[in-house]
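Taking it in order: structure first as structure tokens, then the write-up.
Position 1 is the first residue of the sequence, and the numbers go up from there.
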Amino acid sequence: MASTIPNPLSFWQEQLADLEAKGLHFRLRVLGGEQKPIAHFDGKEVINLSSNNYLGLTTHKALRRAAIEAIRTHGVGAGAVRTIAGTMDLHMALEEQIARFKATEACVVFQSGFTANAGTVAAILGKDDLILSDELNHASIIDGCRLSRATIKVFKHKDVADCDRLCKETENWPGRKLLITDGVFSMDGDIAPLPELCSLAEKFNCIMMVDDAHSSGVLGRGGRGTVDHLGCHGRVHIQVGTLSKAIGAMGGYVCGSRELIDFLYHRARPFLFSTGIRLPWRPRARPRSRCSILPTAKSCSRSSGQIPNSSNAV
């Protein structure tokens with residue numbers, strides 16, 4: 001009698017059944033039409049309280065026009081990895097504009113905020129290094145930490161004293177050290193104690209990295225994020241952000257020193273091994289163009305002078 005061959009995929013069914021039993025299984029809601037406060041999901045008109053389109057820019061008339069113009073002049077895709085033939089003048093213009101907006105030396109755009117976080121953490125650290133991470137950091141940070149193979153120490157959510165304890169315990173760590181936090185945490189919307197964490201990073205010689213995806217466009221002058229909102233310019237070595245939320249499009253970015261960005265060109269695997277992002281608009285297509293979302297650096301000045309650039313870390 002022939003033996004029954006076990007199904008190697010049966011665990012999918014088992015785990016889906018377990019999710020169903022726990023009330024955790026979900027089905028995708030389908031949006032018909034535009035992402036607006038009043039939208040149509042699954043054929044029904046509803047009030048939409050779940051969108052990341054905070055400022056309503058996904059349907060902004062100027063952005064529509066700029067997107068159409070960018071497709072007309074540059075096509076619908078980059079067509080190559082950016083390190084080979086996929087870096088467009090649009091990429092460079094956008095990156096320069098974001099760097100000015102964030103008051104940093106340079107910027108690189110990734111395919112998403114997730115790849116920006118994961119690719120950066122995995123690039124700058126290795127198995128001999130250490131990561132100090134808030135327990136409620138975004139999944140992209142967690143995955144980047146795992147990919148780096150560094151030792152991970154998790155401190156209690158927004159608990160500066162607990163982070164200080166871990167810093168003291170690992171003060172003599174022989175490798176590089178990274179202190180990383182969300183600026184605004186994605187689920188509860190609370191703000192990180194960034195000034196205090198920056199002080200710990202400075203005291204214990206850590207690279208300071210902030211994921212500002214959920215605060216960009218919301219906090220700080222002109223929506224510059226928690227680094228600006230909490231007065232931490234020059235104290236954060238790596239700022240990560242997204243174009244997929246308040247900006248209303250798609251993509252992520254990393255801002256910092258020119259050396260950091262050059263390093264990521266050579267070591268960030270999502271940048272090296274995936275086709276460059278298709279830009280949904282043409283940054284500063286015309287002088288004084290209304291399709292320019294980000295304010296200029298001039299509007300970021302304080303009475304005491306310009307905001308200093310981030311210091312070098314990598």
Side-chain angles (χ1 to χ4, degrees), residues 3-54 58 110-122 131-163 165-166 178 180-193 209-216 218 226 240-246 248 250-252 269-270 274:
S3 60
T4 303
I5 299 175
N7 181 3
L9 307 181
S10 61
F11 74 96
W12 291 347
Q13 297 172 338
E14 294 166 1
Q15 292 192 17
L16 285 171
D18 184 59
L19 288 172
E20 192 81 55
K22 293 177 179 178
L24 299 176
H25 185 272
F26 63 84
R27 290 171 177 79
L28 298 179
R29 297 186 177 98
V30 179
L31 172 65
E34 299 173 336
Q35 185 72 256
K36 288 186 172 181
I38 304 296
H40 288 82
F41 282 90
D42 298 331
K44 298 179 180 178
E45 185 176 88
V46 297
I47 298 173
N48 181 9
L49 301 177
S50 301
S51 173
N52 288 326
N53 183 28
Y54 311 139
T58 62
F110 284 77
Q111 296 85 352
S112 68
F114 197 108
T115 56
N117 264 329
T120 299
V121 175
I131 299 170
L132 303 167
S133 178
D134 188 288
E135 67 179 346
L136 293 187
N137 275 342
H138 192 266
S140 57
I141 293 176
I142 295 171
D143 283 6
C145 293
R146 291 169 176 168
L147 287 169
S148 74
R149 299 180 296 159
T151 299
I152 304 167
K153 300 285 186 180
V154 177
F155 57 90
K156 296 176 184 177
H157 181 49
K158 294 179 55 176
D159 192 326
V160 176
D162 194 43
C163 185
R165 174 184 64 81
L166 292 177
L178 173 72
I180 186 167
T181 182
D182 278 15
V184 169
F185 291 87
S186 58
M187 298 308 295
D188 295 331
D190 48 345
I191 303 173
M209 179 171 171
V210 175
D211 174 10
D212 243 355
H214 291 271
S215 66
S216 296
V218 179
T226 53
V240 175
T242 182
L243 304 172
S244 310
K245 294 182 170 58
M250 188 66 188
R269 295 175 73 83
S274 188

Problem set entry | Side-chain (S215) to main-chain (T226) donor-acceptor, under 3.5 angstrom | yes
Problem set entry | V240 vs F110, side-chain contact (heavy atoms from CB on, under 4.5 Å): CA-CA, chis, key distance, verdict | CA-CA 10 Å; V240 175; F110 284 77; over 6 Å; no
Exercise. Counting heavy atoms not belonging to F11, are there more than 12 under 6.0 Å from its CZ?
Worked result: yes
Problem set entry | Check: G251 main-chain N/O paired with S244 side-chain donor or acceptor under 3.5 Å | yes
Seminar exercise, completed: Of all heavy-atom pairs linking A39 and E34, the shortest is CB-O, 3.9 Å
For this session: Measure from the side-chain N and O atoms of N117 to the backbone N and O of S140, and report whether any donor-acceptor pair falls under 3.5 Å.
Result: no
For this session: Working to the nearest 0.5 Å, report the span between CG of D212 and OG1 of T181.
Result: 9.5 Å
Problem set entry | L28, CG: over 12 other non-hydrogen atoms inside 6.0 angstrom | no
Problem set entry | Atom pair CZ (R146) and CD1 (I141), whose distance is rounded to the nearest 0.5 Å | 12.5 Å
For this session: Look up atom SG in C145 and atom NZ in K153, then write down how far apart they are to the nearest 0.5 Å.
Result: 13.5 Å
Exercise. In Å, rounded to the nearest 0.5 Å, how long is the span from CG of N7 to CD of E14?
Worked result: 9.0 Å
Exercise. In chain order, what residues pass the salt bridge (Lys or Arg N to Asp or Glu O under 4.0 Å) check against D211, with sequence neighbours excluded?
Worked result: none
Problem set entry | Residue L24 excluded, over 12 heavy atoms near CG under 6.0 Å | yes
For this session: Could you go through the side-chain contact (heavy atoms from CB on, under 4.5 Å) check for V218 and V184 one step at a time?
Result: CA-CA 10 Å; V218 179; V184 169; over 6 Å; no
Seminar exercise, completed: When every non-hydrogen atom of D143 is compared with those of F114, the smallest separation belongs to OD2-CZ, 3.4 Å
Exercise. Shortest non-hydrogen contact from A192 to D182?
Worked result: CB-O, 3.1 Å
Exercise. Between G248 and N53, which heavy-atom pair has the shortest distance, and what is it?
Worked result: CA-OD1, 4.2 Å
Seminar exercise, completed: Here the gap from I180 atom CD1 to I142 atom CD1, rounded to the nearest 0.5 Å, amounts to 10.0 Å
Exercise. Side chains of P270 and Q111: does their closest heavy-atom pair fall under 4.5 Å?
Worked result: yes
For this session: First locate atom CG of L178, then atom CG of L132, and finally report the distance between them rounded to the nearest 0.5 Å.
Result: 7.5 Å
For this session: Could I get the full list of salt bridge (Lys or Arg N to Asp or Glu O under 4.0 Å) partners for D42, not counting sequence neighbours?
Result: none
For this session: For residues G241 and S216, report the shortest heavy-atom separation together with the two atoms involved.
Result: CA-OG, 4.5 Å
For this session: Can you see which heavy atom on I38 is nearest to which on E45, and at what distance?
Result: CG2-CG, 3.6 Å
Cut-off 3.5 Å, no hydrogens considered: what does the side-chain donor-acceptor table look like for residues 155-162, sequence neighbours left out?
unit_1: H157; atom_1: ND1; unit_2: D134; atom_2: OD1; d: 2.9
unit_1: H157; atom_1: ND1; unit_2: D134; atom_2: OD2; d: 3.4
unit_1: H157; atom_1: NE2; unit_2: D190; atom_2: OD2; d: 2.5
unit_1: K158; atom_1: NZ; unit_2: I191; atom_2: O; d: 3.1
unit_1: D159; atom_1: OD1; unit_2: A161; atom_2: N; d: 3.1
unit_1: D159; atom_1: OD1; unit_2: D162; atom_2: N; d: 2.9
unit_1: D162; atom_1: OD1; unit_2: R165; atom_2: NE; d: 2.9
unit_1: D162; atom_1: OD1; unit_2: R165; atom_2: NH2; d: 2.7
unit_1: D162; atom_1: OD2; unit_2: K156; atom_2: N; d: 2.8

Exercise. Can you find a pair of side-chain heavy atoms, one from K36 and one from N48, that are under 4.5 Å apart?
Worked result: no
